[in-house]
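Read the numbers this way: they start at 1 and go in the same order the structure lists the ligands and their atoms.
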Amino acid sequence: MRRYSFHKGHGTKNDFIILDDSYGMHEMQREFIQVLTDRHSGIGADGVIRVVRAGSVRDWDGDPHLWFMDYYNADGSVAEMCGNGLRVFARHLINEQLVASGSFDVATRAGIKHVEISRFGLISTDIGAATVSDEAVTVDLGDQSWDATKVDVGNPHAVAFIADDADLDALDLHGAPTWQPTSAFPEGVNVEFIRVDAPGRLSMRVFERGVGETMSCGTGVVASVAAYRRRSGFDGPVEVAVPGGELSVTFDGDQARLTGPAVIVGRGEFWI
Ligand SMILES: N[C@@H](CCC[C@H](N)C(=O)O)C(=O)O
């Protein structure tokens with residue numbers, strides 16, 4: 001039996017198990033992550049974040065002293081980026097005094113992201129470029145179908161806009177949406193359903209790759225705002241309501257910044 005200590009945190013109720021592993025000693029096997037994230041027999045979470053020095057990560061050839069956000073979905077798959085996870089990761093580094101100030105860089109599989117403590121204790125993170133594709137894709141859920149916008153935020157997204165007067169809560173996201181053409185997302189995709197409530201105000205639900213429906217998805221929010229800007233021409237800060245709270249997104253050119261809460265709720269030990 002092995003003992004592990006962990007922290008648990010969330011960003012707009014997208015929740016994560018955090019494992020400290022400065023020197024990269026933990027083996028992050030798929031089954032290990034599935035056991036941890038199981039909401040009935042484990043701790044339960046949408047994902048696991050390993051806190052490791054970048055120099056201990058295979059294939060990282062940048063600054064070895066940066067902290068690396070090593071992110072895994074609940075099913076054990078690796079994801080390139082996680083917007084909510086990045087804020088929670090940053091909150092953990094600050095709480096544990098692993099960084100010297102409230103403004104620092106974090107290494108991720110999608111590159112280096114700058115993080116800052118923002119107003120009212122919120123955390124603001126550079127997400128980088130949100131690349132909107134012109135490729136025609138559709139998303140299907142049950143007997144409904146929508147044209148969707150393909151957006152790359154380091155990880156893949158398909159954003160479907162539902163009618164302005166449609167009931168977002170009525171969508172049944174127990175089952176996974178599908179997409180056409182399947183070749184559009186060979187590695188799978190996160191699917192966002194968006195309703196435009198007012199200029200600069202969106203509501204979103206999401207079905208995450210490797211997880212299922214979650215209460216929030218930071219990169220999904222950024223992808224949705226990028227798709228909204230493309231379709232409406234709106235050019236200002238956008239507030240997005242998700243089931244777990246509120247997030248805001250600003251753009252400087254094609255560079256997105258995501259701001260929202262991040263909370264560490266506890267810590268403990270588990271045995272495997
Ligand atoms: N919840 C995250 C995204 C996590 C990764 C995603 N499921 C994927 O596989 O790309 C966020 O806040 O961005």
Side-chain angles (χ1 to χ4, degrees), residues 8-18 28 30 33-34 36-37 39 44-50 68-92 106 108-111 113 115 122-131 133 139 148 150-159 173 176-177 179 184-194 202 204-227 238 240-249 256-264:
K8 177 90 192 279
H10 75 92
T12 50
K13 298 186 182 169
N14 195 191
D15 61 342
F16 311 103
I17 295 162
I18 304 157
M28 301 300 282
R30 189 175 271 263
I33 289 156
Q34 290 170 355
L36 251 62
T37 55
R39 294 201 183 272
D46 295 327
V48 174
I49 303 174
R50 186 169 67 122
F68 186 93
M69 179 181 74
D70 189 22
Y71 183 82
Y72 300 83
N73 288 315
D75 71 352
S77 58
V78 173
E80 304 85 343
M81 239 313 264
C82 177
N84 290 325
L86 182 57
R87 293 196 318 284
V88 172
F89 183 86
R91 176 73 75 204
H92 179 71
V106 168
T108 75
R109 289 191 178 84
K113 310 294 178 191
V115 172
L122 299 178
I123 293 182
S124 191
T125 54
D126 280 337
I127 298 294
T131 309
S133 162
V139 160
K150 178 178 174 178
V151 186
D152 189 318
V153 189
N155 59 350
H157 295 268
V159 182
L173 291 180
W179 61 89
F185 303 106
E187 309 293 336
V189 68
N190 303 285
V191 180
E192 286 80 30
F193 296 92
I194 296 296
L202 312 178
M204 180 185 101
R205 283 179 69 195
V206 60
F207 192 97
E208 279 195 42
R209 177 179 69 164
V211 193
E213 184 178 19
T214 60
M215 296 292 101
S216 178
C217 174
T219 49
V221 161
V222 170
S224 301
V225 172
V238 178
V240 183
V242 293
E246 291 253 336
L247 290 164
S248 58
V249 179
R257 197 162 182 78
L258 174 69
T259 302
V263 189
I264 304 298

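Atom 6 (C) of ligand 1 has Asn190 OD1, 3.2 Å as its closest protein atom, hydrogens excluded (heavy atom only). Nearest protein heavy-atom neighbour of atom 12 (O) of ligand 1: Gly218 N, 2.6 Å. Looking only at heavy atoms of the protein, atom 3 (C) of ligand 1 is closest to Glu208 OE1, 3.5 Å.
Between the CD1 atom in Ile17 and the CD1 atom in Ile49 there is a gap of 10.0 Å [rounded to 0.5 Å].
In this structure, a donor-acceptor pair under 3.5 Å is present between the side chains of Ser77 and Asp75. Side-chain atoms of Asn84 and Ser216 form a donor-acceptor pair, as typed in the model, at a separation below 3.5 Å.
More than 12 heavy-atom neighbours from other residues, nucleotides or ligands sit within 6.0 angstrom of NZ on Lys8.
Under a 4.0 Å criterion applied to the non-hydrogen atoms of Tyr71, ligand 1 contributes the atoms 4 (C), 5 (C). Within the listing of ligand 1, atoms 4 (C), 5 (C), 6 (C), 7 (N), 8 (C), 9 (O) sit less than 4.0 angstrom from a heavy atom of Asn73. Counting the atoms of ligand 1 from 1 in the order shown, those under 4.0 Å from a heavy atom of Met81 are 3 (C), 4 (C), 5 (C). Every atom of ligand 1 with a heavy atom of Ala79 under 4.0 Å away is listed here by number and element: 5 (C), 8 (C), 9 (O), 10 (O). Shown in contact with Asn84 at under 4.0 Å from a heavy atom are these atoms of ligand 1, numbered in order with element: 11 (C), 12 (O). Those atoms of ligand 1 with a heavy atom of Gly83 less than 4.0 angstrom away are 11 (C), 12 (O), 13 (O). If you number the atoms of ligand 1 from 1 as listed, the ones under 4.0 Å from a heavy atom of Thr219 come out as 3 (C), 11 (C), 12 (O), 13 (O).
Residue-level proximity to ligand 1 for Asn155 is carried by the side chain, the only part with a heavy atom below 4.0 angstrom. Contacts of Asp46 with ligand 1, taken as heavy-atom pairs under 4.0 Å, are absent altogether.
Side-chain contact between Ser124 and Leu258: absent, with no pair of heavy atoms (C-beta onward) separated by less than 4.5 Å. Side-chain contact between Phe89 and Cys82: absent, with no pair of heavy atoms (C-beta onward) separated by less than 4.5 Å.
The closest approach between any non-hydrogen atom of Thr214 and ligand 1 is not below 4.0 Å. In this structure, Gly210 has no heavy atom closer than 4.0 Å to ligand 1.
Considering Glu80, Glu187, Glu192 in turn, Glu80 is the only one that fulfils the salt bridge (Lys or Arg N to Asp or Glu O under 4.0 Å) rule with Arg209.
Side-chain atoms of Lys150 do not come within 3.5 Å of backbone N or O of Val159 as any donor-acceptor pair. Between the Arg205 side chain and the Phe193 main chain, no donor and acceptor come within less than 3.5 Å of each other.
A salt bridge links Asp126 and Arg257; the closest N-O separation between the charged side-chain nitrogens and carboxylate oxygens is under 4.0 Å.
Within the cation-pi definition used here (under 6.0 Å to the ring centroid, within 45° of the axis), Arg109 qualifies as a partner of Tyr72.
At a 3.5 angstrom cut-off on N or O pairs, Cys82 does not count as close to ligand 1. Between Ser216 and ligand 1, no pair of N/O atoms sits closer than 3.5 Å. In terms of N/O distances under 3.5 Å, ligand 1 is not approached by Gly220. Any N or O atom pair closer than 3.5 Å counts here, and Glu80 shares no such pair with ligand 1.
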